[in-house]
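For ligands, and for the atoms within them, numbers begin at 1 and follow the listed sequence.
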Amino acid sequence: MRVLGIAGSPRRGGNTDLLLAEVMRGAASRGAKVKTIILSQLNIAPCQHCDACLETGKCKVKDDMQMVYKELERADRVVLASPVHFMGVTAQTKAMIDRCQALWVRKYILKQPPLGDKRERKGLFISVGGMKLANLFEPALATVKALFKVLDITYAGELLFPGVDERGAITKHPDALRQAFLAGQRLVED
Ligand SMILES: Cc1cc2nc3c(=O)[nH]c(=O)nc-3n(C[C@H](O)[C@H](O)[C@H](O)COP(=O)(O)O)c2cc1C
């Protein structure tokens, strides 16, 4: 069981990083092989809608997204972590998601499995936001659910914490990190 963690925050060691690390620790405690990639350290250009992928299902832009495609294909579980930035996912996360348009082409135009095979994959979404708005996570949730649907990744749930702003504030939450550890265990057991 391979678990791919995708850290979408540009703030290293921030709240979503801490939650993601706990999810991965929980998954590893159940024997999963875990790997985390940090989007802010990668060079991933936004999709230019050049339509080159329409023929091939492959993106012609040769940057770090090529490695991310491979990691997504290898993974049995995907854990995507992004804080809320201006009501949506971070720019780093959205660039990665938009580049999955090539996988949309594979699925809907070329009628191929988007990630190369038909094994069951599951995905978890982690987010935090500084504010406490009722609809704080809705745009991000819609985006991430769309991504998982296109990639044939079953949506396995979410960890969402509003009112968490300063770096490390999540450690003051009564049980967020514990919830994350348990979610990581569940993700690889189900
Ligand atoms: C560019 C930017 C935009 C943000 N926009 C929002 C927002 O729309 N709503 C909100 O609740 N918090 C917003 N925040 C606050 C972050 O969501 C919050 O600080 C969060 O804890 C950051 O998580 P991290 O430590 O994992 O990066 C924003 C922060 C930044 C830097």
Within the 4.0 Å heavy-atom sphere of ligand 1, strictly under, residues
S9, R11, G14, N15, T16, P83, V84, H85, F86, M87, V128, G129, G130, M131, L136, V164, D165
Looking at residues at least two apart in the chain, or sitting in another chain, which of them share a salt bridge (charged side-chain N to carboxylate O under 4.0 Å, His left out) with R77?
none
Value for CE (M24) from CG (L19), rounded to nearest 0.5 Å, stands at 13.0 Å
Do T16 and R11 have side-chain N/O donor and acceptor atoms under 3.5 Å apart?
no
What pairs with K145 under side chain to side chain contact (heavy atoms under 4.5 Å, CB included), at least two apart in sequence or on another chain?
L141, Y155, E158
Side chain to side chain contact (heavy atoms under 4.5 Å, CB included) against E71, all qualifying residues, sequence neighbours excluded:
L4, K35, M67, R74
Any side-chain to backbone donor/acceptor pair from D63 onto A45? Under 3.5 Å, distance only.
yes
